[in-house]
Amino acid sequence: MTNLELCAAYAAIANGGMYGVPLFFTKILDRNGNLLLDASTRSAAANSSAESSGTAADDTVPNESDASLEFGSFTRVLQNTTAFLLTNAMEDVVSSESGTAYGTIFAASQPVAGKTGTTSSYKDIWFVGYTPYYTCSVWGGYDNNQSLPDGTLWHSYSRTLWTAVMDRIHQSLPLRDFSCPDGIIEADLCSETHLLAQENCPDTYTEYFAEGTQPEEFCTGHEPETEAETEAEDKPAAETEGIVIYQDLLNQLLTESESENTTETENTGSTDTEGIPESGPEGVTESTTESVTESGAEGVTDDRLQYDNESIGESDETSSLDDLMNRLADQGFSLP
């Protein structure tokens, strides 16, 4: 395919699916100024044909050698809706941050649709693009099919040349957008499910479809909230009431705890003193005496024993009181 053929193919998309034989002139005059051939009316004819009701595409794509294509004629090769969808998709190549030509293609602020291209080992580079006014195709490479040198400059100069030409010839032209034909449906889709967006979808985008091909199913990944869920969210959180400590109740609990500790202490003291027999079988007496002697407690008096009992009682009482206070604090009681 030659550069001229590729440019003509993209021009057919730009013309709403109407293909015209490429020409290298707009008009021809004789030496007296008489008009011999006029190609300036082709654009108007193409626009009129593109906006007509006919949408059926021909079976074959015509070429310059086709005898049925006379000078100035146009043939429909794409449905106008298909041509618009292709244009809309190729606008992203230039305008979207993910596009391969983003930030490198300009035409005096006119909208641009196009496509970059390379062959193996960078033997060829392309950029073919069009505005609502003109189509331009730029090829870069060597005639001997040699690979281009490495580096961004050598791999992108097709875009640099395209911008240098198209930016200049659009300077005096009013801004114009690509026309949208009848039969195109615009729909807002969910960015996650790509189904028809609902109000709860966190991120949406606009897409175009030929009438009859648009999705009909709504997003199911972000179902609207039910009335009960909405009311539950709107209902203010219940305030937690403060916990009140009744001092008389606390004193009663402390008194009961002290009484229990005193009783346990008395029982323990009685067991320690009364449980030691004054006399008994020789085996028991000798065993008890030896045990006490080994522990170094020989000569312990009743006063010392009583002191130990009181110490044990006070320790138990303190431990039980601290335990009670800690338990109350764990339950959220505000202690004085």
Side-chain angles (χ1 to χ4, degrees), residues 1-20 22-24 26 42-43 46-47 50 61 77-78 80-143 146-181 184 186 191 205-209:
M1 175 175 283
T2 66
N3 199 6
L4 179 62
E5 292 170 334
L6 191 59
C7 188
Y10 273 74
I13 303 173
N15 287 328
M18 302 297 294
Y19 176 84
L23 298 174
F24 297 93
T26 55
R42 279 168 42 102
S43 295
N47 290 336
V61 177
V77 293
L78 286 173
N80 55 2
T81 52
T82 303
F84 174 81
L85 294 176
L86 286 171
T87 296
N88 179 253
M90 287 191 288
E91 281 187 275
D92 287 345
V93 174
V94 176
S95 61
S96 172
E97 292 186 4
S98 60
T100 55
Y102 177 75
T104 61
I105 294 296
F106 304 97
S109 300
Q110 298 286 350
V112 178
K115 184 71 179 69
T116 59
T118 58
T119 55
S120 301
S121 303
Y122 283 97
K123 294 179 179 179
D124 304 273
I125 58 173
W126 300 84
F127 184 77
V128 189
Y130 52 90
T131 70
Y133 291 98
Y134 296 107
T135 301
C136 177
S137 176
V138 177
W139 167 82
Y142 293 108
D143 291 339
Q146 179 183 343
S147 296
L148 292 169
D150 293 333
T152 303
L153 174 64
W154 292 99
H155 295 171
S156 63
Y157 71 82
S158 58
R159 286 170 272 170
T160 304
L161 290 174
W162 192 97
T163 293
V165 173
M166 296 290 271
D167 199 48
R168 182 176 179 181
I169 65 177
H170 284 83
Q171 288 295 329
S172 60
L173 298 175
L175 292 178
R176 181 190 297 176
D177 204 354
F178 294 109
S179 59
C180 181
I184 291 294
E186 182 178 325
S191 298
Y205 65 99
T206 300
E207 190 62 89
Y208 296 94
F209 299 89

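Given the structure is predicted, the values throughout are model-derived calculations rather than measurements. Sequential numbering from 1 along the given sequence is applied to the chain's residues.
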How close do [X] and [Y] get, counting heavy atoms only, and between which atoms?
X	Y	answer
Ala8	Pro22	CB-CG, 3.6 Å
Gly17	Ala83	N-CB, 3.6 Å
Ala107	His170	O-CB, 3.7 Å
Met166	Cys136	SD-CB, 3.5 Å
Asp177	Pro132	C-CG, 3.9 Å
Ala14	Thr135	CB-OG1, 3.9 Å

Exercise for the section: State, yes or no, whether a side-chain contact exists between Ile125 and Arg159 at a heavy-atom distance under 4.5 Å. Expected result: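 Result no, sub-4.5 Å side-chain heavy-atom pair not found.
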Practice task
May I ask you to test the Leu161-Phe127 pair for a side-chain heavy-atom distance under 4.5 Å?
Solution key: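 They are not in contact (no side-chain heavy atoms under 4.5 Å apart), so the answer is no.
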Check: [X] side chain, [Y] main-chain N or O, donor-acceptor pair, under 3.5 Å:
X	Y	answer
Ser158	Gly140	no
Asp124	Thr118	no
Thr163	Phe106	yes
Thr131	Tyr133	yes
Thr104	Ala101	yes
Glu186	Phe209	no
Trp162	Ile105	no

Practice task
For Gln171, look at atom CD and say whether over 12 heavy atoms of other residues, nucleotides or ligands are found less than 6.0 Å away.
Solution key: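 Buried by this count: over 12 neighbours within 6.0 Å.
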For the [atom1] atom of [X] and the [atom2] atom of [Y], what is their distance to the nearest 0.5 Å?
X	Y	atom1	atom2	answer
Tyr130	Glu91	OH	CD	8.0 Å
Gln110	Ile169	CD	CD1	10.0 Å
Leu86	Leu78	CG	CG	6.5 Å
Thr82	Asn80	OG1	CG	8.0 Å
Met1	Trp139	CE	CH2	15.5 Å
Tyr122	Asp150	OH	CG	9.5 Å

Exercise for the section: Show your working on side chain to side chain contact (heavy atoms under 4.5 Å, CB included) between Tyr157 and Val138 and close with a plain yes or no. Expected result: CA-CA 9 Å; Tyr157 71 82; Val138 177; 5.9 Å; no
Exercise for the section: Just grab all the ring pair (Phe, Tyr, Trp, His ring centres under 6.0 Å) pairs involving residues 82-101, residues at least two apart or on different chains. Expected result: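 The answer is Phe84-Tyr208.
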Practice task
Determine, step by step, whether Leu85 and Ile184 satisfy the side chain to side chain contact (heavy atoms under 4.5 Å, CB included) criterion, reporting the C-alpha distance in whole Å, the side-chain angles of both residues, the deciding distance to 0.1 Å, and the verdict.
Solution key: CA-CA 9 Å; Leu85 294 176; Ile184 291 294; 4.1 Å; yes
